[in-house]
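Quick notes on the structure that follows.
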Amino acid sequence: MGLAHYFLREVLVNVRRSPLMSVASVTTVMVLTMIVGFFLVLMANLSNLARDLASDLKVVAYLQADFNRDQLGELRSRVLKLPGVEGVSFVSREQAFEHLKKRMNNRIQLGDLTHNPLPDALEIRVRRAEDLEKVGHKVKGVGSIEKVRFGEDVARRMLALNRIVRTVGLVVLILLLVSTLLVVSNTIRLTVYARRRDIEVMQLVGAAGWFIRWPFLLEGILQGLVGAALAATVVSESYRLLVPQLLSSVSFLPVAAPESLLPWLCPGLLLLGALVGLLGSWISVNRFLKV
Amino acid sequence: MFSWKNLLSPAMRRPRAEYEDSMVELHGINLVYPNGYQALYDVELLVRKGEFVFLVGTTGSGKSSLLKLLYREQAPKNGSVYVDNHDVGELRRSEVPSLRRKVGVIFQDFRLLREKTAWENVAYALEVTGARRREIPRKVAQVLELVGLLSKRKRMPGQLSGGEQQRVAIARALVNEPRLLLADEPTGNLDPDSSWDIMQILSRVNAGGTTVMVATHDQQIVDTMRKRVIVMRQGRITEDLERGNYTVAQRATQVV
């Protein structure tokens, strides 16, 4: 209790003593956290888009011409038991024919057809786009199935794209975090440098390393938190303003809803700020502590 | 009851010094700085508990280096350093703070925390030890009284004269009740009157049982105080005189 009180007092004294330095650190953290924040918003939306596109992909299983619809229930439950399957819907050949007619609407005369050439089919939705191919092959073995189609090419290409986006995103994110840490630790180093004589004196009178370090670390955490809070405010407010505008001009865009994105983004940014402040101070103080 | 011994590692608690009543023992010390400069050559020294010792010699003779060994600012290349029967040369990094609390050090440039008052500077040395908060005011008041600065306790170092700042530094060095007080050119920046004040305080501290070692080249002070004088020259101890005299010692050294 006494120690915590002592450390907090040291932090307050330091901040009051060099407010400009604190402003510099806070601003640095804020700008960098903001960049990370906007980047995360972008990534979230890209992955949302990928998920949206992937949800359109499904396995279509065409049933054998002699399929007896009485067995539909049993077939459906067998398909549902396959791993990765989310749902199954039955498309009768009549429905398919109507659908086809509508799509072709006057462009081709279907009136010449005396009978419906289409088979009954099952449309199978999968849980994850990655499962599409696996499920497609499994469905073949279920029985009563003539042919399976699952847009292998499209699926593969989209998955590859998704992977690339994710990898690039991760690399960029890591680079951003590393540079954030470097810049912040350098800024904090200035504040520590200004007090290197104090650190010497503290060591001289027998202060343990952690005793000298903690006020600096707390100061770093505090500055990181303040900077990150400002950044989080800017990011979330501008995203809240931006989304309705986007939706009003391009309504079908699958934007990540602010209500689902921000509740994890803001705490994440705060955590990041605190962490960067802590590590930045740690790195800086250690340069002046003889370890 | 708080005891220094509890803070020390087993290695430090094991006495290995040769003399039971020694405060400082140096055996076969060679000190080489990282840049390759050798500051001390084959130094042998015994200071008994309660002694008052002057270390004299020109700049670069090794006085400061010798003191640095004693508060573990430097570790010797070889040889052994004992302070109060503890092997200081073999201290681990984490054990240095507990040594620093047992050994008070003052410097020519005072080394006070500029942003703290006289009182806070002294209290800080207690706070770092984790001393009980209730005891701090009593102890701080006691040492500030000893150096005659209790009335100026709220002043910042910048508002004190050089002599007063050095007295704050002495109070800070004393507040942990050290067995050994080291002073590296304590009067180097002070006028003669202030210098005498400082030396009188150091004498009083010594009279209270604390061993005191003062590195200086203030001839007048050394000659007047008639204490043990150790003369250093180019990293070696060249003279060791009981009730010595700087002027005589210098002459002797030059003859050697």
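Predicted model, so just to flag it, every value in this text is computed and none were measured. By convention in this document, chain letters (A, B, ...) are assigned in the order of the sequence lines, proteins followed by strands, and residues within each chain are numbered from 1.
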Using non-hydrogen atoms and a 4.5 Å limit, figure out which bit of B/R72 sits close to chain A: side chain, backbone, both or neither.
-> neither

Output the distance between atom CD (B/E73) and atom CG (A/L204), rounded to the nearest 0.5 Å.
-> 7.5 Å

Nearest heavy-atom approach of A/A208 to B/P97 is CA-CG, 3.8 Å

Please check if atom CH2 in A/W214 has more than 12 non-hydrogen atoms from other residues, nucleotides or ligands closer than 6.0 Å.
-> no

Is the number of heavy atoms from other residues, nucleotides or ligands under 6.0 Å of A/Y193 OH greater than 12?
-> no

What's the verdict on side-chain contact (heavy atoms from CB on, under 4.5 Å) for A/V201 and B/R114, showing C-alpha distance, side-chain angles and the deciding distance?
-> CA-CA 10 Å; A/V201 171; B/R114 313 297 310 170; over 6 Å; no

Tell me, do B/R172 and A/V205 make a side-chain contact under 4.5 Å, heavy atoms counted?
-> yes

Shortest non-hydrogen contact between A/R9 and B/R133, atoms and distance = NH1-NH2, 4.3 Å

From A/M202 atom CE to B/R111 atom CZ, the distance as rounded to the nearest 0.5 Å = 14.5 Å

Check the surroundings of atom CD in B/E145: do more than 12 heavy atoms from other residues, nucleotides or ligands lie under 6.0 Å from it?
-> no

Measuring from B/L113:CG to A/I199:CD1, what's the distance to the nearest 0.5 Å?
-> 11.0 Å

Salt-bridge contact A/R197-B/E115 (side-chain N to carboxylate O under 4.0 Å) = no

Supply the atom-to-atom distance A/Q203 CD to B/Y71 OH, rounded to the nearest 0.5 angstrom.
-> 11.5 Å

